[in-house]
Amino acid sequence: IPPFWRGGIEIPDEAEAKEIFAALHKNVYRAFDYETEDAIYDALAQSVSGELLDEIYTDVYQSLVLQDQGGAICKIENVELLESKMMAPDPDVENGGVEFRVSCRWEVKGLVEHWGHAHRRVNRYGAVYTLRPFGDSWRIYDVEMNEQERILGNTGA
């Protein structure tokens, strides 16, 4: 009999954990395909826990709105997961140990259109994500960013 606090969800093996994470990570960026803030939040809520929802919305939105270029919007064309690996569980987990962590690196490719022209932009990121159960599925519970770098794109006007 599984412990009652786990709610029937078991920690996946590494291959399944990477698959679960990749789908949730992709959905975070796909949420920004919607037009309204409410629709974006509703889509994000399918992948991110409530405590992290505002933070993820703000972080991703700010990465898409280019304040240094007059508030131009970057339209995401592709998100590529470069590498991911399941990490050892955190020994200080307070929820009975029902979580898994994934260390990953990814690139976001987008098109910036402003001031009468368009150009490509590529940013590379790295982070450790913590996923926890939410009902019968998993959600992103925490993110620790450890890399953020522009690979390609205009740096000025």
Side-chain angles (χ1 to χ4, degrees), residues 7-9 11-12 14-87 95 98-157:
I9 261 191
I11 296 174
E14 182 160 8
E16 186 180 2
K18 290 165 91 171
E19 193 174 296
I20 291 166
F21 170 73
L24 293 174
H25 187 260
K26 183 177 182 178
N27 287 342
V28 166
Y29 285 94
R30 289 180 67 199
F32 287 87
D33 288 343
Y34 290 97
E35 298 292 324
T36 68
E37 188 173 289
D38 285 345
I40 294 170
Y41 265 93
D42 288 347
L44 280 175
Q46 300 301 309
S47 299
V48 178
S49 72
E51 298 84 15
L52 193 60
L53 202 53
D54 286 336
E55 183 180 332
I56 292 282
Y57 176 86
T58 301
D59 288 350
V60 175
Y61 183 78
Q62 286 178 347
S63 74
L64 297 177
V65 176
L66 312 173
Q67 296 299 332
D68 62 333
Q69 296 185 23
I73 303 289
C74 181
K75 180 70 174 161
I76 296 171
E77 296 180 317
N78 185 41
V79 178
E80 181 181 358
L81 202 52
L82 302 173
E83 61 181 299
S84 64
K85 65 179 178 177
M86 193 168 179
M87 298 179 63
N95 72 334
V98 186
E99 71 174 30
F100 67 91
R101 298 182 321 142
V102 175
S103 174
C104 70
R105 294 178 66 237
W106 71 100
E107 286 184 355
V108 178
K109 298 174 182 171
L111 182 66
V112 179
E113 295 184 59
H114 60 132
W115 298 326
H117 73 280
H119 58 88
R120 301 264 180 255
R121 174 166 285 185
V122 179
N123 289 342
R124 182 174 297 146
Y125 301 94
V128 175
Y129 284 81
T130 302
L131 285 76
R132 288 189 176 171
F134 184 85
D136 290 337
S137 61
W138 293 92
R139 297 281 192 279
I140 297 170
Y141 177 80
D142 188 44
V143 180
E144 301 168 38
M145 295 295 294
N146 53 37
E147 179 184 348
Q148 185 170 343
E149 172 184 13
R150 179 169 302 155
I151 305 301
L152 172 71
N154 292 355
T155 56

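Keep in mind the model is a prediction, meaning the values are calculated, not measured.
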**Asked** Considering all heavy atoms of both residues, which atom of Ala118 and which atom of Leu111 are nearest to each other, and what is their separation?
**Response** CB-CD1, 3.9 Å
**Message:** Please report the interatomic distance CD(Glu16) to CE(Met86), rounded to the nearest 0.5 Å.
**Reply:** 9.5 Å
**Request:** With the side chain counted from C-beta on, respond yes when Asn123 and Gln148 share a heavy-atom pair under 4.5 Å apart, and no when they do not.
**Result:** no
**Prompt:** Where is the tightest heavy-atom contact between Arg132 and Tyr141, given as atom of each residue plus distance?
**Reply:** NH1-CZ, 3.0 Å
**Item:** Side chain proximity check, Tyr34 to Asp42, heavy atoms < 4.5 angstrom
**Value:** no
**Request:** Check whether any side-chain heavy atom of Asp142 lies under 4.5 Å from a side-chain heavy atom of Glu144, and answer yes or no.
**Result:** yes
**Closest approach of Arg139 to Ser49 (non-hydrogen atoms, all atoms of both residues)** = CB-N, 3.9 Å
**Asked** What distance do Leu131 atom CG and Ile11 atom CD1 have between them, rounded to the nearest 0.5 Å?
**Response** 11.0 Å
**Prompt:** Is it true that atom OH of Tyr41 has more than 12 heavy atoms of other residues, nucleotides or ligands lying nearer than 6.0 Å?
**Reply:** yes
**Asked** Do you know which two heavy atoms are closest between Leu82 and Glu107, and how far apart they sit?
**Response** CD1-CG, 3.7 Å
**Message:** Pair Glu147, Arg124 - check side-chain contact (heavy atoms from CB on, under 4.5 Å), show working.
**Reply:** CA-CA 7 Å; Glu147 179 184 348; Arg124 182 174 297 146; 3.4 Å; yes
**Asked** Do Lys75 and Asp33 come within less than 4.5 Å of each other through their side chains, counting heavy atoms only?
**Response** yes
**Request:** Before accepting this row, confirm whether a basic side-chain N of the pair Arg105/Glu83 lies closer than 4.0 Å to the acidic partner's carboxylate O.
**Result:** yes
**Message:** How about CD on Glu80, more than 12 heavy atoms from neighbouring residues, nucleotides or ligands closer than 6.0 Å, or not?
**Reply:** yes
**Request:** Output the distance between atom CZ (Phe100) and atom CD (Glu14), rounded to the nearest 0.5 Å.
**Result:** 10.5 Å
**Complete:** CZ (Phe21) and SG (Cys104) are apart, to the nearest 0.5 Å, by 3.5 Å
**Item:** Separation between NE2 of His119 and SG of Cys74, rounded to the nearest 0.5 Å
**Value:** 8.5 Å
**Atom of Leu53, atom of Ala45 and distance for their closest heavy-atom approach** = CD1-N, 3.7 Å
**Asked** When the ring planes of Tyr61 and Tyr57 are compared, do they come out parallel, tilted or perpendicular, using 30° and 60° as the limits?
**Response** parallel
**Request:** Report yes if some heavy atom in the side chain of Asn27 is under 4.5 Å from a heavy atom in the side chain of Gln46; otherwise report no.
**Result:** no
**Item:** Leu24 vs Tyr129 side-chain heavy atoms within contact, under 4.5 Å
**Value:** no
**Heavy-atom neighbours of Glu35 CD exceed 12 at 6.0 Å** = no
**Message:** Whether the side chain of Arg121 engages the backbone of Arg150 through a donor-acceptor N/O pair (distance < 3.5 Å, no angle test) should be reported.
**Reply:** no
**Request:** Report the distance from atom CE of Met87 to atom OG of Ser103, rounding to the nearest 0.5 Å.
**Result:** 5.5 Å
**Prompt:** What is the ring orientation for Tyr125 with Trp106, classed by angle as parallel under 30°, tilted 30 to 60°, or perpendicular over 60°?
**Reply:** parallel
**Request:** Search all heavy atoms of Arg101 against all heavy atoms of Thr130 and return the closest pair with its distance.
**Result:** CG-OG1, 3.6 Å
